[in-house]
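Here is the structure we will look at, set down as C-alpha cells.
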Protein chains: 2
Amino acid sequence: MPIRAYIRAVARAATTTDAFNAVAEPRRRQILDVLAQSERSVTSLVDHLGLAQPQVSKHLRVLRAVGLVEVTEEGRQRLYRVNGRPLQEIHTWVSQYQSMWDERLDRVEALLNELDVSKGRERDG
Amino acid sequence: MPIRAYIRAVARAATTTDAFNAVAEPRRRQILDVLAQSERSVTSLVDHLGLAQPQVSKHLRVLRAVGLVEVTEEGRQRLYRVNGRPLQEIHTWVSQYQSMWDERLDRVEALLNELDVSKGRERDG
DNA sequence: GCCATGCATGCCCATAAGAGCATATATTCG
DNA sequence: CGAATATATGCTCTTATGGGCATGCATGGC
C-alpha cells in the first residue's frame, strides 16, 4: 500500500495561507488600499471599486482569513477595516533585499546606527 | 453569439505575472535567500535546499520570468544570482502600511525630514 | 407579516499550480 | 564517438482559484 494515498496533493498554496499569498491578488491589494483610507461597508467598497458584490465579499473573506482586515457588525452592514500587522512579515523579508535597489539605504542605516534610533535591529546572516 | 467565447477565464494570476505572485511561494523565497548569499549553480542549489532538481529548475524559471534572478552560462552549468529590484514594488506597497505595526517609524521619519537625508542630493553621482 | 437591503455562499467553468517522474538537450571527458 | 554530468522540459494528477450568476440569510422599514 503506497503511502501516497494519504498525501494530499498540493498545487499552489491557498490564498489564505499567509499574507504573501493573500496580497498577490491585485484586487485584494486594491481593497486594502481603499480601506486604508477609512473603514467601509461592503456595499461602499463595491461602489468604490466597481466590482461585483460577491467577488468583493470573497476577497474580504480571504483577507479576513489572514488577519488583514477586521469586521464590525453594524446593523445589517459589516464595516471592514485594515490591520496591517500581517504585512510585517512581508516587509521584513523584502527589506533584506532593499540595498539591491536603494543606494540611499546605506546612508540611512549608517545614520540610524549613529543616532541609535533603531534599537532592536539585528543584521544577522 | 456571446462574446464570452473570446474571454479568457482567469483563475489565479500566473506566478510569472509579477514579483508579488512569484514570491508568494515559500520555496522561491528560500531560493532567493540562498542566492542572496552567493551566486550558485542549479546543482548547488539542489544540494543546499534538498529539493528535486526539476522543481528547482522550474522555480528558477519563474523567478527568471519576473526578473528576480539572472543567469550566466558557465560551461554546462548555469550560475544564478539574485536581482532584488523587482522587489521594490512590493516594498513600496507594503511600506505604506508600516506605521500600522512599527511605532518607531514616526520617529525615524521625523528624523529623516529634520536632517534632510532622504532628499537624494548626491543620487546622480 | 412582508418586502427591500446588505452580505455571504454555493455552483459552474476554465485555468494554472506544484510535485513526482521520465526524458530531451547541451557540454565535457576519455 | 560514447558515457557522464548539468539543466531544462514534458506529462500526469490533484487541487484551488477567481469570475459570473443565483440564492440563502439576516436585519430593518412600513
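Chain naming here is simple, since letters A, B, ... match the order of the sequence lines and numbering starts at 1 in each.
Listed by chain and residue number, Thr16(A), Thr17(A) satisfy the side-chain contact (heavy atoms from CB on, under 4.5 Å) test with Ala14(A) (two or more places apart in sequence, or in another chain). With sequence neighbours excluded, the residues that form a side-chain contact (heavy atoms from CB on, under 4.5 Å) with Arg61(A) are Arg64(A). By the side-chain hydrogen bond (donor to acceptor under 3.5 Å, both in side chains) test, Ser41(B) pairs with no residue at all, sequence neighbours left out. In terms of the side-chain hydrogen bond (donor to acceptor under 3.5 Å, both in side chains) criterion, Arg29(B) has no residue partners (sequence neighbours excluded). In terms of the side-chain contact (heavy atoms from CB on, under 4.5 Å) criterion, residue partners of Ser99(B) (sequence neighbours excluded) are, by chain and number, Leu105(B). In this structure, the salt bridge (Lys or Arg N to Asp or Glu O under 4.0 Å) partners of Glu70(B), at least two apart in sequence or on a different chain, are Arg81(B).
Taking atom CG of residue Leu63(B) and atom P of nucleotide dA17(C), one finds them 13 Å apart after rounding to whole Å. Whole-Å rounding puts the Leu51(A) CG to dG19(D) P distance at 7 Å.
Between His91(A) and Trp101(B) the shortest side-chain heavy-atom distance falls below 4.5 Å.
Distances shown here put a side-chain N or O of His59(B) below 4.0 Å from the OP1 or OP2 atom of dA19(C).
Sorted by first and then second residue, the salt bridge (charged side-chain N to carboxylate O under 4.0 Å, His left out) pairs with a member in residues 94-103 of chain B read Asp102(B)-Arg104(B); sequence neighbours excluded.
Projected onto DNA chain C by closest heavy-atom contact, Ala11(B) and Ala13(A) fall at different nucleotides, the more 5' of which corresponds to Ala11(B).
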Contacts table for residues 31-38 of chain A: side-chain donor-acceptor under 3.5 angstrom, sequence neighbours left out:
from	atom 1	to	atom 2	distance (Å)
Asp33(A)	OD1	Trp93(B)	NE1	3.0
Asp33(A)	OD1	Tyr97(B)	OH	2.5
Asp33(A)	OD2	Trp93(B)	NE1	3.4

Name each donor-acceptor pair under 3.5 Å that joins a side chain in residues 50-60 of chain B to protein atoms two or more places apart or in another chain, with its distance.
from	atom 1	to	atom 2	distance (Å)
Gln53(B)	NE2	Ser57(B)	OG	3.1
His59(B)	ND1	Arg28(B)	NH1	3.2

Which protein N or O atoms sit under 3.5 Å from an N or O of nucleotides 1-9 of chain D?
from	atom 1	to	atom 2	distance (Å)
dT5(D)	O4'	Arg76(B)	NH1	3.4
dT5(D)	O2	Arg76(B)	NH1	3.2
dA6(D)	O3'	Arg76(B)	O	3.3
dT7(D)	OP1	Val42(B)	N	3.4
dT7(D)	OP1	Arg78(B)	N	3.3
dT7(D)	OP2	Thr43(B)	N	2.7
dT7(D)	OP2	Thr43(B)	OG1	2.1
dA8(D)	OP1	Tyr80(B)	OH	2.5
dA8(D)	OP2	Ser57(B)	OG	2.6
dA8(D)	N7	Gln53(B)	NE2	2.8
dA8(D)	N6	Gln53(B)	OE1	3.3
dT9(D)	OP2	Arg61(B)	NH1	3.0

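For the segment residues 18-32 of chain A, no residue has any heavy atom less than 4.0 angstrom from an atom of DNA chain C.
Each end of the helix from dG1(C)-dC30(D) to dG30(C)-dC1(D) gets its own axis, taken as the rotation carrying the C1' atoms of four end pairs onto the next four within a five-pair window, and the two axes meet at 10° to the nearest 10 degrees.
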